[in-house]
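Note sheet for the following structure.
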Amino acid sequence: MSEHEYTNGDVTIIWKPELCAHAGICVKMLPKVYNPKNRPWIKPENATSAEIIKQVNQCPSGALSIK
């Protein structure tokens, strides 16, 4: 299973595309961080670490996690 890491220097978002259910909660909660039209599509520097952690905890598929 592939995984991609994106960091803001404090927290690292891990994205596992095979698990992604495309529920869109990440995009709705933090559109400045998650934009599927951009590359890279995750830009964690656009939110606080607390905002990112709160959003990742809402991911229904487990495709997003924090390390």
To the nearest 0.5 Å, tell me how far [X] [atom1] sits from [Y] [atom2].
X	Y	atom1	atom2	value
E18	S61	CD	OG	11.5 Å
K67	E3	NZ	CD	7.5 Å
E5	I42	CD	CD1	11.0 Å
N57	I25	CG	CD1	12.0 Å
K43	L30	NZ	CG	14.5 Å
S65	K16	OG	NZ	5.0 Å

A side-chain contact here means heavy atoms from C-beta on lying under 4.5 Å apart; do [X] and [Y] qualify?
X	Y	result
V11	P44	no
T7	I13	no
C26	W15	no

Any link between [X] and [Y] through a network of hydrophobic side chains (Ile, Leu, Val, Met, Phe, Trp, Tyr) touching at under 4.5 Å?
X	Y	answer
I14	I53	no
L19	Y6	no
V33	V27	yes

Heavy-atom closest contact (D10 atom, N8 atom, distance) | N-OD1, 2.8 Å

Might you point out which heavy atoms bring Q55 and L64 nearest each other, and give the distance in Å?
-> NE2-CD1, 3.7 Å

